[in-house]
There are 2 protein chains.
Amino acid sequence: MLQKRYGQIVEFYRLNKRMPTYKEMSVLFNVKSKNAVFKTIVKLEHLGLVKKEERHITLKPISIKLLGNIEAGFPSPAEEELLDTISIDRLLVKNPNTSFLLKVSGDSMIEAGIMPGDFVIVDRSIEPKEGDIVIACVDNNWTMKYLSKENGSYILIAANKNYKPIKPKSELTIAGVVVGVARKYR
Amino acid sequence: MLQKRYGQIVEFYRLNKRMPTYKEMSVLFNVKSKNAVFKTIVKLEHLGLVKKEERHITLKPISIKLLGNIEAGFPSPAEEELLDTISIDRLLVKNPNTSFLLKVSGDSMIEAGIMPGDFVIVDRSIEPKEGDIVIACVDNNWTMKYLSKENGSYILIAANKNYKPIKPKSELTIAGVVVGVARKYR
DNA sequence: TATTATAGTGAACAATCGTTCACTGTCAAG
DNA sequence: CTTGACAGTGAACGATTGTTCACTATAATA
């Protein structure tokens, strides 16, 4: 019963991105008294599932048992990152208005870990610097490459030995800078 | 100024897993009146960064537009309006309650396009199959490897020529299946 | 049977919440 | 200079919040 109610709270939190009030919980739990909710919360607090400070209730981050036991070979910094990351969107996208998603089809950046089928997040509001991965148009062809410099002028370099560096003949249009990669398995 | 305050709110939310009250925001913003906060929130609401319903303030989720392939180039501003916006969270995370984020530190999966510093989304509710990338514990060491089979028993294979396949001596514990990868540049 | 712990009801409480009001100072446009 | 928009102050408002109290119903225990 307690587990079920905890699940209902978590679900509400994921849906609304905030904790339900006692009144809302009384609807969720199907009880008529706020005091019944109050006692439930006290129990959840004793179980360590919920934290209360100054009348503000928050969900305690579920400590992944996996992380506690980690020995050499696998990351420990993951713990804090895991707890603090509220959404992958916010992690990867800094400027939602000037960013968009693009699907990768070629293998020109494969040695940089960008595979065909991946999605790249492109931001066109930030200024391209040397070393950035950019979406550029050379001679009427759109490509994704590393931006580099040679003799003072920009060139595009693939992360794949089979591709040669591109020296733009006429002009080089840069549509945006790749700020993130997202890949989905299965 | 508005952007800065929005950032402060997001930061508070990330830290406390709840929205700050107006009083708390007045401390964050370094203003003395709750009304100044109120007006700020109204502005953020008009910008679409924040949502208010029944006196409950929440952060609006980030979503960005999804374009096609890179080679296809870019749509005109008119066409751009027709594109649908998606959330990377929903794209990568199918089961939010059984998934978690892990930060990669090793280079054992580098040929699969998973680099050190990347984040992997791990789902522990789905059944591992041959060919999946899994988080596994062999002989008290946690690793991320391809799951494969040899002579009817499971083995772990790295995506890096420098690592040899692992044949678990005792038992093989699989914590979850990698269902996605997220990488952040800059 | 008597007892005790448990979960829920319903009413009340002070504290805090978000909101509104009238007002002040500042800075740029007319 | 005058005007008007804008951001902030400080005080007040009712509504809602989490909490507490006394009490009831149920079930398990001795």
Side-chain angles (χ1 to χ4, degrees), chain A residues 1-63 83-84 86-87 89-90 94-98 125, chain B residues 1-63 96-97:
Chain A
M1 183 56 110
L2 255 186
Q3 279 293 332
K4 182 188 172 188
R5 294 190 171 175
Y6 175 70
Q8 289 172 306
I9 296 178
V10 173
E11 190 180 341
F12 184 101
Y13 182 82
R14 194 167 38 239
L15 242 58
N16 303 83
K17 267 120 182 68
R18 66 171 175 87
M19 286 297 271
T21 66
Y22 280 25
K23 198 196 287 182
E24 288 168 329
M25 287 194 227
S26 71
V27 177
L28 283 180
F29 302 164
N30 202 27
V31 293
K32 296 179 180 175
S33 168
K34 282 199 292 175
N35 189 23
V37 175
F38 177 77
K39 289 176 181 173
T40 304
I41 293 297
V42 169
K43 284 198 167 183
L44 287 176
E45 197 184 1
H46 274 108
L47 286 177
L49 296 174
V50 141
K51 199 174 52 181
K52 232 192 294 186
E53 48 187 46
E54 309 255 341
R55 302 161 57 108
H56 293 291
I57 311 164
T58 50
L59 289 175
K60 265 208 175 175
I62 33 160
S63 60
L83 301 180
D84 283 355
I86 50 184
S87 87
D89 287 284
R90 284 186 201 283
K94 193 178 172 189
N95 307 311
N97 297 331
T98 57
S125 73
Chain B
M1 184 54 115
L2 256 187
Q3 279 293 332
K4 182 187 172 189
R5 294 190 171 177
Y6 175 69
Q8 289 173 305
I9 296 178
V10 173
E11 177 75 8
F12 185 100
Y13 183 84
R14 205 191 54 159
L15 249 56
N16 303 83
K17 264 108 183 99
R18 66 172 174 87
M19 286 296 271
T21 66
Y22 280 24
K23 198 195 290 182
E24 287 168 329
M25 287 193 227
S26 70
V27 176
L28 283 180
F29 301 164
N30 203 26
V31 293
K32 296 180 180 173
S33 168
K34 280 199 292 177
N35 189 22
V37 175
F38 178 76
K39 289 175 180 173
T40 303
I41 294 296
V42 169
K43 285 198 166 184
L44 288 177
E45 196 183 1
H46 275 108
L47 286 178
L49 296 175
V50 141
K51 201 173 51 181
K52 231 193 293 186
E53 47 187 45
E54 311 256 339
R55 305 159 57 108
H56 292 290
I57 310 163
T58 51
L59 290 174
K60 263 206 173 179
I62 292 181
S63 60
N97 18 2

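None of the values given here were measured: they were computed from a predicted structure. A, B, ... follow the sequence lines: proteins, then strands. Residue 1 opens every chain.
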Colleague: Using whole Å, what does the distance between atom P of nucleotide D:dG8 and atom OH of B:Tyr22 come to?
Modeller: 14 Å

Colleague: May I ask you to verify whether the side chain of B:Lys34 and the base of C:dG18 hold a donor-acceptor pair under 3.5 Å?
Modeller: yes

Colleague: Starting from P on C:dT6, measure out to NZ on A:Lys43 and report it in whole angstrom.
Modeller: 7 Å

Colleague: Are the side chains of A:Lys23 and A:Val27 in contact, using a 4.5 Å heavy-atom criterion?
Modeller: no

Colleague: Which part of the nucleic acid, if any, lies within reach of A:Lys52 when heavy atoms closer than 4.0 Å are counted: base, sugar-phosphate only, or nothing?
Modeller: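 Sugar-phosphate only.
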
Colleague: According to a strict under-4.0 Å criterion, is B:Thr21 in side-chain N/O contact with OP1 or OP2 of C:dC17?
Modeller: yes

Colleague: At under 4.0 Å, does any side-chain N or O of B:Arg5 touch on OP1 or OP2 of D:dA7?
Modeller: no

Colleague: To the nearest Å, how far apart are A:His46 NE2 and C:dT6 P?
Modeller: 12 Å

Colleague: Could you tell me the separation between the CG atom of B:Asn35 and the C1' atom of D:dA12, rounded to a whole number of Å?
Modeller: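 Computing the B:Asn35:CG to D:dA12:C1' distance gives 12 Å.
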
Colleague: Taking the side chain as everything from C-beta on, heavy atoms only, tell me whether B:Glu45 gets closer than 4.5 Å to B:Ile57.
Modeller: no

Colleague: So, do A:Met25 and A:Val31 sit near enough that their side-chain heavy atoms are less than 4.5 Å apart?
Modeller: no

Colleague: Just how far, in rounded Å, is P of D:dC21 from NZ of A:Lys39?
Modeller: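 In whole Å, D:dC21 P lies 12 Å from A:Lys39 NZ.
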
Colleague: Distance check needed: C:dG18 C1' versus B:Glu24 CD, whole Å only.
Modeller: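 It is 13 Å, rounded to the nearest whole Å.
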
Colleague: I want to verify a distance call: between C:dG10, C:dT19, D:dT19, whose nearest atom is closest to the B:Phe38 side chain?
Modeller: C:dT19

Colleague: If I take atom NZ in residue B:Lys32 and atom C1' in nucleotide C:dT24, what distance separates them, rounded to the nearest angstrom?
Modeller: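 About 14 Å, once rounded to whole Å.
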
Colleague: Parallel, tilted or perpendicular: which fits the ring planes of B:Tyr13 and A:Tyr13, with parallel below 30° and perpendicular above 60°?
Modeller: parallel

Colleague: Are the side chains of A:Leu28 and A:Glu11 in touch, meaning some heavy atoms are under 4.5 Å apart?
Modeller: no

Colleague: Name the residue closer to the 5' end of DNA chain D, choosing between A:Lys23 and B:Arg55 according to the nucleotide with the nearest heavy atom.
Modeller: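 The residue closer to the strand's 5' end, by nearest nucleotide, is B:Arg55.
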
Colleague: Using whole Å, report how far CD of A:Glu54 lies from P of C:dT16.
Modeller: 8 Å

Colleague: Judged by each residue's nearest nucleotide on DNA chain D, which is more toward the 5′ side, B:Asn30 or B:His56?
Modeller: B:Asn30

